[in-house]
Amino acid sequence: MKLLFDSEGKVNYDKLDKDTTVEDILKAIDIFLNSNPLPCEDCEESCCKKAWSVEIDNICVNRISNWNNEDSSDFVRQRLVKKRNYYREFDQYVLNKEKNCHFITEENYCTIYEQRPIICRLYICIDKSYRYNVVRELIGSTYLQALIFEEEMRNNSISEDLIKEYKRNPAVFAKGYDIALNDILNYAEEEGWLYDDERDELY
Ligand code: SF4
Ligand code: SF4
């Protein structure tokens, strides 16, 4: 898949294949932004210095913590706070901050750039098509929910049935973003986040 400007001047993608992975989408974004760079260094209204939430996913936390379960839980306890996602009706973790993201420097450099949250990797501060926004939001929700589930499994003795339920989320215990978008869309349908006819429009 490839990102491009559509006839309305919005960021859009050409097509999704059945085997497109999340990693493919992230690479397509990087390629698009290389050709259409954003003026981050001189940006006075930096998106990293706003009051809005920085949502944190499981891969980001595990990478920052070198895949050490104890360190991951410490990071969650010390740096994050739970926030309800009322749109999707689940809890997620966000940075415990007032304004600036903890990882932005005065010069607008992200100090965890290689491990930054997926939500930051999917963000483009230009008008985006509806279907790009749907794909972005479903990927983000799946990985954000995965951190909640992983953290609960790390710290609580929960029933086998609940563990089985949590593992339906394809991002739980994933080692990266190389999971099939199809698996995320299947999960989104099961969760009632996506309807059949909406899904057809994404391809
Ligand atoms: S991505 Fe953020 S920092 Fe970069 S130009 Fe857009 S708003 Fe500014
Ligand atoms: S993690 Fe990095 S890219 Fe994301 S909001 Fe913070 S400084 Fe910005």
Side-chain angles (χ1 to χ4, degrees), residues 2-6 8-13 22-68 71-85 87-88 91-130 132-148 150-151 171 174-178:
K2 195 169 87 183
L3 256 62
L4 39 79
F5 284 107
D6 64 18
E8 292 176 27
K10 294 181 176 175
V11 178
N12 206 334
Y13 54 82
V22 173
E23 195 64 55
D24 292 335
I25 296 171
L26 296 176
K27 279 186 189 141
I29 294 170
D30 289 345
I31 290 169
F32 176 82
L33 289 176
N34 270 338
S35 312
N36 303 279
L38 301 169
C40 297
E41 283 176 36
D42 304 317
C43 181
E44 287 177 10
E45 290 288 315
S46 167
C47 53
C48 308
K49 293 179 176 171
K50 301 258 187 197
W52 59 39
S53 301
V54 177
E55 302 161 332
I56 309 286
D57 60 280
N58 59 331
I59 304 298
C60 169
V61 169
N62 288 327
R63 282 182 175 166
I64 287 174
S65 311
N66 291 318
W67 300 93
N68 179 302
D71 291 351
S72 292
S73 285
D74 284 349
F75 183 90
V76 170
R77 266 194 304 274
Q78 290 162 13
R79 311 293 294 269
L80 309 185
V81 64
K82 259 187 201 170
K83 187 175 176 191
R84 188 77 180 157
N85 180 327
Y87 182 53
R88 293 294 180 206
D91 288 335
Q92 60 190 40
Y93 282 111
V94 301
L95 268 186
N96 191 4
K97 69 174 187 69
E98 295 284 321
K99 195 163 180 273
N100 292 8
C101 174
H102 299 163
F103 303 110
I104 195 72
T105 66
E106 278 300 313
E107 298 75 29
N108 282 352
Y109 288 110
C110 172
T111 55
I112 55 160
Y113 190 74
E114 294 303 324
Q115 297 113 337
R116 69 197 185 284
I118 191 166
I119 221 73
C120 303
R121 295 190 64 181
L122 290 163
Y123 181 68
I124 303 173
C125 64
I126 310 175
D127 261 3
K128 295 162 287 286
S129 69
Y130 174 76
Y132 177 87
N133 279 330
V134 171
V135 168
R136 167 179 177 247
E137 200 271 326
L138 292 176
I139 294 172
S141 293
T142 304
Y143 278 94
L144 292 172
Q145 193 192 48
L147 177 57
I148 290 279
E150 286 186 12
E151 189 56 13
K175 292 291 178 201
Y177 300 119
D178 53 347

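What you see is a predicted model, and the numbers here were worked out from it, not measured in a lab. Just so you know, ligand 1 is whichever comes first in the structure, and atom 1 is the first atom listed for that ligand. All values below were derived from every heavy atom in this structure, side-chain atoms included, with hydrogens, water molecules and symmetry-related copies excluded. Counting from 1, the numbers follow the sequence of the chain as shown.
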Checklist entry - With a 4.5 Å heavy-atom cut-off, do Cys60 and Arg116 have their side chains touching? => result no
Item to check | Top protein contact for atom 2 (Fe) of ligand 2, by heavy-atom distance | outcome: Cys110 SG, 2.4 Å
Item to check | ligand 1 versus Cys47: contacting region, heavy-atom distance under 4.0 Å | outcome: both
Checklist entry - Thinking salt bridges, do Lys27 and Asp30 make one under a 4.0 Å N-O criterion? => result no
Checklist entry - Are Ser65 and Asp71 close enough, and set up right, to give a side chain to side chain donor-acceptor pair (under 3.5 Å), and what steps lead you there? => result CA-CA 5 Å; Ser65 311; Asp71 291 351; over 6 Å; no
Checklist entry - Among all protein non-hydrogen atoms, which one is nearest to atom 6 (Fe) of ligand 1, and what is the separation to 0.1 Å? => result Cys125 SG, 2.3 Å
Next on the checklist: Whether the Tyr132 and Asp6 side chains hold a donor-acceptor pair (N or O, under 3.5 Å, no angle test) is what I'd like checked.
Outcome noted: no
Checklist entry - What are the atoms of ligand 2, with element, lying closer than 4.0 Å to any heavy atom of Cys101? => result 1 (S), 5 (S), 6 (Fe), 7 (S)
Item to check | Heteroatom test (N, O or S) for Cys120 near atom 4 (Fe) of ligand 2, limit 2.8 Å | outcome: yes
Checklist entry - Going by the atom numbers of ligand 2, which of them fall below 4.0 Å from some non-hydrogen atom of Pro117? => result 1 (S)
Checklist entry - Less than 4.0 Å between a side-chain N and a carboxylate O, is that true for Glu55 and Lys83? => result no
Next on the checklist: Taking 4.0 angstrom as the limit and counting only heavy atoms of Phe103, give me the atoms of ligand 2 inside it, by number and element.
Outcome noted: 7 (S)
Checklist entry - Which is it for Asn62 and Lys175 under the side chain to side chain donor-acceptor pair (under 3.5 Å) test, yes or no, and what are the steps along the way? => result CA-CA 9 Å; Asn62 288 327; Lys175 292 291 178 201; over 6 Å; no
Checklist entry - Of the protein's non-hydrogen atoms, which lies at the shortest distance from atom 8 (Fe) of ligand 2, and what is that distance? => result Cys48 SG, 2.4 Å
